[in-house]
Number of protein chains: 2
Amino acid sequence: MRSTGPPPPPVPSGSSHLLRTINERAALYHLMDNETLTRVELRRLTGLAKPTASHVMSRLLESGLAVTAGRTTARQAGPKAEVYTVNADYAFAAAATLREPDGITVAIADLKGHEKASSAMRVDFTAVPPDRAVLNLLRRTSEVAGIDPDRIATLHIAVPGAYDADTDTIGHADIPGLSELRMRTSLEAELGAAIEIHNDVNAATVAERRNPEAAGGLVVLWLGREGLGVGIDLQRGLLTGLHGAAGELGYVPVSPDRTGADDPTFQDWLGAPAVAELGRAHGIEGDDAPAVLAAAVGEGASDFLDEYATRVAAALRLLKCLLDPPQIVLAGEIARAGGETLLGHVRDRAEDFGERVIPSAVYGDAVAIGALDSAHDDLKDRILDSALGTGP
Amino acid sequence: MRSTGPPPPPVPSGSSHLLRTINERAALYHLMDNETLTRVELRRLTGLAKPTASHVMSRLLESGLAVTAGRTTARQAGPKAEVYTVNADYAFAAAATLREPDGITVAIADLKGHEKASSAMRVDFTAVPPDRAVLNLLRRTSEVAGIDPDRIATLHIAVPGAYDADTDTIGHADIPGLSELRMRTSLEAELGAAIEIHNDVNAATVAERRNPEAAGGLVVLWLGREGLGVGIDLQRGLLTGLHGAAGELGYVPVSPDRTGADDPTFQDWLGAPAVAELGRAHGIEGDDAPAVLAAAVGEGASDFLDEYATRVAAALRLLKCLLDPPQIVLAGEIARAGGETLLGHVRDRAEDFGERVIPSAVYGDAVAIGALDSAHDDLKDRILDSALGTGP
DNA sequence: GCCAGTGATAGTAAAATTACCTAACCAATA
DNA sequence: TATTGGTTAGGTAATTTTACTATCACTGGC
């Protein structure tokens with residue numbers, strides 16, 4: 001379904017053109033990696049000779065991928081070196097989130113990763129199909145930011161559900177009309193952009209990559225206002241699974257050896273319903289699960305916190321034993337409401353791997369931020385792969 | 001601990017030398033991928049011009065990596081094309097397994113992946129340290145096969161335990177002296193070879209890659225004679241975890257919500273002890289867990305099989321929900337003893353993902369085969385990376 | 001049934017192309 | 001005046017294109 005024809009060999013071959021492509025790719029990579037660059041710095045990074053570095057740079061300027069950004073303020077002898085940057089407006093990355101009952105958000109970033117515009121809108125998905133809603137808000141947002149929608153090269157969408165890339169369908173989604181839609185196909189037809197659809201927890205997991213502590217790989221236990229999920233980001237990239245349904249801890253039975261009729265899952269035992277029930281048992285009130293946790297922390301209800309932390313630690317032990325990740329991030333609205341207090345209790349219960357449990361390093365909407373980060377990474381990869389190397 | 005200095009940029013750059021290296025690498029890759037190759041076939045695979053293909057081939061011959069293998073039996077007009085092959089004796093890959101109470105096995109394969117020799121030996125690890133035992137048997141085996149031990153470029157060792165590459169230590173190992181050893185360091189000093197140490201279940205998982213059905217990724221539930229384990233091989237390579245302790249399902253509590261004193265783990269509930277206990281309860285006898293299963297299958301004890309299959313399916317559901325793998329392989333001595341019968345029962349219990357559960361496709365010692373496959377893959381990678389490209 | 005002619009294929013040789021590197025040079029600046 | 005940024009000129013190394021030779025199966029006349 002994905003690709004046709006035989007796959008290209010993993011080891012390329014070619015002639016002088018390939019060499020030029022390689023060197024231009026390398027230069028572009030360093031340019032995207034370094035904010036600003038002079039010819040001399042490029043020379044040092046790539047090891048190319050002076051005339052070659054010069055030539056490669058002028059090719060990048062011609063193609064519009066690089067732009068000049070003044071000259072160095074020379075404090076050494078000699079002329080001032082010309083400074084180059086990536087052309088931030090060469091192409092844009094967009095991200096959208098779909099949530100119930102919040103509606104949708106859209107954000108657009110330039111090639112440098114700077115957010116240019118964002119907007120949110122409540123949507124009644126029974127009245128407006130999700131794909132139309134995203135399209136409308138994306139067009140409006142790009143207009144506000146003064147961005148030509150045709151320059152948006154990637155669009156990543158975070159949805160609450162499991163996206164199956166092979167069939168272009170979304171499973172386990174509680175948004176009306178979402179499971180019947182072929183979202184990627186329909187949006188790709190309207191927009192020119194490359195569309196990717198991610199699970200919301202996976203998007204939040206990408207956002208946690210901003211934490212330099214988690215560079216070696218991380219697993220996120222997402223304790224959301226409603227649902228529960230796990231994001232796995234180890235070695236190279238997200239683990240999404242065959243049908244995009246990896247990390248669905250919520251569907252796992254807590255006690256498979258008990259063949260009772262109720263058969264509680266981790267969602268029942270650890271998710272929002274469990275928090276509400278635990279709150280009632282301990283006399284702690286709140287409108288929703290995060291509120292209950294905030295109240296518990298405020299009141300110093302250590303019995304409640306111990307009980308809940310024990311459950312969280314049990315889930316973490318499962319993840320630690322199966323995946324042995326360098327870091328386990330506690331994230332989501334409930335975890336945020338629990339704050340350092342909850343984290344401390346969980347660490348106490350986690351015993352041997354407590355030091356690996358860290359709080360979320362993301363401020364703000366992790367799902368939206370992660371989706372935009374993901375779209376931006378994808379954009380850079382695509383620019384690197386396609387914008388050059390189509391020489392004679 | 002692993003590398004010093006700044007990492008090289010992921011996008012290389014270079015001059016004509018690089019180009020030649022690239023093309024020779026490509027040729028070598030195709031040569032290793034294709035058993036035999038003529039210049040014309042190489043031309044078609046790489047897209048290189050005729051004289052270049054010729055030149056690259058003669059370089060490979062000079063370096064000793066390729067050898068001639070006669071000429072084609074021309075059934076078309078024109079001269080017979082010269083046929084080339086990888087020089088199978090250019091370098092060798094070795095594998096070893098350490099098991100209690102079986103002792104150690106050693107196997108050696110040539111660059112083409114053909115097994116040249118293998119041997120097994122019972123070892124009293126309290127008398128002979130594991131690293132010395134491996135070294136001795138490896139030297140003896142290579143002597144028997146007439147292979148210069150210096151040409152053994154990779155050695156992969158499968159051990160029952162979690163290998164931590166950073167500290168070069170093995171945890172959770174029940175072989176005397178194994179946890180005190182720095183096995184890689186000590187063997188690397190004696191042998192010139194590159195040493196890798198794998199968990200035994202992970203080695204068996206590599207062996208399952210031979211099954212073309214599992215090309216999209218697989219997870220192995222290993223029901224061994226003694227222990228229980230999970231091998232995860234998705235997207236890119238094995239998931240080993242920070243301390244090599246990924247896949248240790250045996251240590252996971254079955255029912256975290258029950259805070260009883262016994263606190264049974266999956267090992268207790270699904271491993272060899274559980275099989276023995278279940279056998280006693282159903283009046284089925286056997287010397288060890290596989291024997292009990294074989295007896296149950298022979299007697300058609302469907303009550304026993306249903307009960308055990310229900311437990312296996314519970315573990316599989318956990319793996320399916322967390323990892324969503326394309327295939328789940330049932331392997332290990334217990335699973336083999338249960339055969340198609342057990343598989344059928346498990347599939348019935350697995351409901352929605354039963355069709356993804358497949359039997360092991362490996363005949364013989366999966367751990368030893370996987371370790372050798374792994375060593376051979378590593379050998380090919382290293383040859384590709386190092387043998388060429390050291391030009392002027 | 002034999003043997004030269006024909007055409008297709010394997011491989012090599014020479015010239016042209018492309019991109020890189022070194023070395024020399026010019027200009028700007030502390 | 002020495003140093004640095006940048007360009008120009010000439011040379012090198014790898015490729016490709018074009019042209020050529022050698023080999024071999026097939027064919028058809030003798």
Side-chain angles (χ1 to χ4, degrees), chain A residues 11-28 36-63 66 68-85 388-392, chain B residues 11-28 36-63 66 68-85 388-392:
Chain A
V11 183
S13 53
S15 58
S16 328
H17 304 303
L18 176 65
L19 200 54
R20 195 180 62 184
T21 304
I22 285 174
N23 287 334
E24 283 173 11
R25 269 178 57 98
L28 182 55
T36 71
L37 226 54
T38 65
R39 280 164 152 102
V40 173
E41 285 167 335
L42 180 67
R43 217 167 94 69
R44 190 172 43 73
L45 289 168
T46 58
L48 295 173
K50 243 197 305 187
T52 312
S54 242
H55 184 237
V56 166
M57 229 358 150
S58 61
R59 293 261 312 177
L60 287 180
L61 284 172
E62 265 176 51
S63 71
T68 56
R71 293 183 166 271
T72 52
T73 54
R75 79 182 67 79
Q76 302 165 320
K80 294 161 188 156
E82 198 156 19
V83 177
Y84 302 92
T85 330
L388 293 164
T390 52
Chain B
V11 183
S13 53
S15 59
S16 329
H17 305 303
L18 176 65
L19 196 54
R20 197 180 61 183
T21 304
I22 285 174
N23 287 334
E24 283 172 11
R25 269 178 57 98
L28 183 56
T36 71
L37 227 53
T38 65
R39 281 162 151 104
V40 172
E41 286 167 333
L42 179 66
R43 215 166 97 69
R44 192 173 41 74
L45 288 168
T46 58
L48 295 172
K50 245 198 303 188
T52 313
S54 242
H55 185 238
V56 166
M57 230 356 151
S58 61
R59 293 262 313 177
L60 287 179
L61 283 173
E62 265 176 50
S63 72
T68 57
R71 291 180 167 272
T72 51
T73 54
R75 79 182 68 79
Q76 303 166 317
K80 294 161 187 153
E82 200 157 17
V83 176
Y84 301 92
T85 330
L388 293 164
T390 53

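Numbered from 1 within each chain, the chains take letters A, B, ... in sequence-line order.
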So, using side chain to side chain contact (heavy atoms under 4.5 Å, CB included) as the criterion, who are the partners of [X] when residues are at least two apart?
X	answer
T68(B)	L61(B), E82(B), Y84(B)
T52(A)	L48(A), A49(A), V56(A)
L19(B)	L18(A), L19(A), N23(B)
A69(B)	V83(B), T85(B)

Under 4.0 Å between a side-chain N or O of [X] and OP1 or OP2 of [N]?
X	N	result
N23(B)	dT15(D)	yes
T52(A)	dC21(C)	yes
S54(B)	dG11(C)	no

For this session: Output the residues of residues 37-49 of chain A in contact with DNA chain D, where contact means a heavy atom of the residue under 4.0 Å from an atom of the strand; sort by number or write none.
Result: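 Correct list: R39(A), V40(A).
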For this session: Say whether, by atom type as modelled, one donor and one acceptor occur between the side chain of E41(A) and the main chain of T38(A) under 3.5 angstrom.
Result: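 Confirmed, E41(A) side chain pairs with T38(A) backbone.
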Write out a two-atom table: protein N or O, nucleotide N or O from nucleotides 28-30 of chain C, distance below 3.5 Å.
unit_1	atom_1	unit_2	atom_2	d
dT29(C)	O4'	G78(A)	O	3.2
dT29(C)	O2	G78(A)	N	3.3

Exercise. Of the nucleotides dT17(D), dT15(D), dT8(D), which has the atom closest to the P51(A) side chain?
Worked result: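 Between dT17(D), dT15(D), dT8(D), the one nearest the side chain of P51(A) would be dT8(D).
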Problem set entry | Among dA23(C), dT16(D), dA19(C), the nucleotide that comes nearest once only the side chain of S15(A) is considered |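 The answer is dT16(D).
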For this session: Report the distance from atom NE2 of H17(A) to atom C1' of dA14(D), rounded to the nearest whole Å.
Result: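 Whole-Å distance recorded here is 12 Å.
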For this session: Whole angstrom is fine here: how far is it from NE2 in H55(B) over to C1' in dA13(D)?
Result: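 Whole-Å distance recorded here is 10 Å.
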Exercise. Side chain to side chain donor-acceptor pair (under 3.5 Å) with S54(A): which residues, sequence neighbours excluded?
Worked result: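 Applying side chain to side chain donor-acceptor pair (under 3.5 Å) to S54(A) gives R39(A).
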For this session: Could you pick out which residue, S16(A) or R71(A), lies toward the 5' side of DNA chain D when each is mapped onto its nearest nucleotide?
Result: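 Nearest-nucleotide comparison on DNA chain D picks R71(A).
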Exercise. Does any pair with a residue in residues 42-51 of chain B pass salt bridge (charged side-chain N to carboxylate O under 4.0 Å, His left out), and if so which ones, sequence neighbours excluded?
Worked result: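 Listed once each, the pairs would be none.
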